[in-house]
Amino acid sequence: MTKGYWVSVYRAISDPERLAAYNKLAAVAVQAAGGRVLARGGSRVVVHESGIPERVVLIEFESFEEAVAAYESEAYREALATLGDAVERDFRIIEGV
């Protein structure tokens, strides 16, 4: 079984306080779903091509299906509701190789 990954690249953060509230709720939801944070933040980033030097988050799940289920969970939906429009981000769920 291949792993699943959440990949988030934040293009802009307009409300850091709401992002912080989201982070607390999302961390609980991700942990409950078996997710493991591999990278978060971006204090050391080298940007190439059309990259944006903003926050990047990479989370690993045991399977693609678990990654999708975590996103669709009630706990994560609550986190998303808290986040609202506080950020502009590119969020993807991808299957590992």
Side-chain angles (χ1 to χ4, degrees):
M1 184 180 321
T2 58
K3 298 200 181 220
Y5 297 89
W6 285 9
V7 181
S8 300
V9 178
Y10 289 70
R11 294 185 179 115
I13 299 170
S14 61
D15 190 336
E17 289 178 12
R18 282 193 7 216
L19 176 58
Y22 158 83
N23 286 339
K24 289 179 184 176
L25 294 172
V28 171
V30 165
Q31 186 175 21
R36 183 170 68 108
V37 176
L38 299 180
R40 175 180 46 226
S43 59
R44 294 190 66 178
V45 176
V46 176
V47 178
H48 295 282
E49 299 175 27
S50 296
I52 299 169
E54 272 292 351
R55 180 180 174 84
V56 176
V57 179
L58 176 62
I59 300 174
E60 179 182 69
F61 293 86
E62 286 302 310
S63 71
F64 178 79
E65 291 75 19
E66 287 182 19
V68 171
Y71 185 84
E72 295 172 350
S73 72
E74 187 174 326
Y76 189 69
R77 289 185 185 274
E78 182 182 340
L80 281 176
T82 300
L83 182 62
D85 63 354
V87 303
E88 179 185 337
R89 67 181 181 167
D90 180 349
F91 183 96
R92 299 166 189 239
I93 300 173
I94 61 172
E95 185 174 30
V97 294

Colleague: Do V37 and Y10 share a hydrophobic cluster, counting only Ile, Leu, Val, Met, Phe, Trp and Tyr and linking them when any side-chain heavy atoms are less than 4.5 Å apart?
Modeller: yes
Colleague: Let me confirm one number: the CD-CE distance from E95 to M1, rounded to the nearest 0.5 Å.
Modeller: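 If I round to the nearest 0.5 Å, the distance is 10.5 Å.
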Colleague: Short question: side chain of W6, backbone of F91 - any donor-acceptor pair under 3.5 Å?
Modeller: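 Answer holds: no.
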Colleague: Starting at OH of Y5, measure out to CZ of R36 and round the result to the nearest 0.5 Å.
Modeller: 8.0 Å
Colleague: Measuring from I94:CD1 to T2:OG1, what's the distance to the nearest 0.5 Å?
Modeller: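 One finds 10.5 Å between CD1 of I94 and OG1 of T2.
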Colleague: To the nearest 0.5 angstrom, please state how far the OH atom of Y71 sits from the CG atom of L80.
Modeller: 5.0 Å
Colleague: Could you please spell out the steps behind the side chain to side chain contact (heavy atoms under 4.5 Å, CB included) verdict for E54 and V45?
Modeller: CA-CA 9 Å; E54 272 292 351; V45 176; over 6 Å; no
Colleague: Is the side chain of S14 donor-acceptor paired with the backbone N or O of A86 at a distance under 3.5 Å, no angle test?
Modeller: yes
Colleague: Does one hydrophobic cluster hold both Y22 and V9, with members joined at side-chain heavy-atom distances below 4.5 Å?
Modeller: no
Colleague: When clusters are formed by joining ILVMFWY residues with side-chain heavy atoms under 4.5 Å apart, either directly or through shared neighbours, do V87 and V56 land in the same one?
Modeller: no
Colleague: Mind listing the closest non-hydrogen atom pair of Y76 and A70 along with its distance?
Modeller: CB-O, 3.3 Å
Colleague: Between R77 and E72 (side chain of the first, backbone of the second, donor and acceptor by atom type, cut-off under 3.5 Å), is there such a pair?
Modeller: yes
Colleague: Membership question, hydrophobic clusters at under 4.5 Å side-chain separation (ILVMFWY): are V30 and L25 in the same one?
Modeller: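 Looking at the clustering, V30 is in a separate group from L25.
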Colleague: First locate atom CG of D85, then atom CZ of R18, and finally report the distance between them rounded to the nearest 0.5 Å.
Modeller: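 Rounded to the nearest 0.5 Å, the CG-CZ separation comes to 5.0 Å.
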Colleague: Salt bridge (Lys or Arg N to Asp or Glu O under 4.0 Å) with K3: which residues, sequence neighbours excluded?
Modeller: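 For K3, the residues satisfying salt bridge (Lys or Arg N to Asp or Glu O under 4.0 Å) (neighbours in sequence not counted) are E60, E62.
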Colleague: Knowing that exactly one of L83, L19, I13 qualifies, which makes a side chain to side chain contact (heavy atoms under 4.5 Å, CB included) with R89?
Modeller: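 Filter result, single survivor: L83.
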Colleague: Answer yes if L38 and V7 sit in the same cluster of Ile, Leu, Val, Met, Phe, Trp and Tyr residues linked by side chain heavy atoms under 4.5 Å apart, and no otherwise.
Modeller: yes
Colleague: Using 0.5 Å steps for rounding, measure from the OG1 atom of T82 to the CD atom of E17.
Modeller: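 Reported to 0.5 Å precision, the distance equals 13.5 Å.
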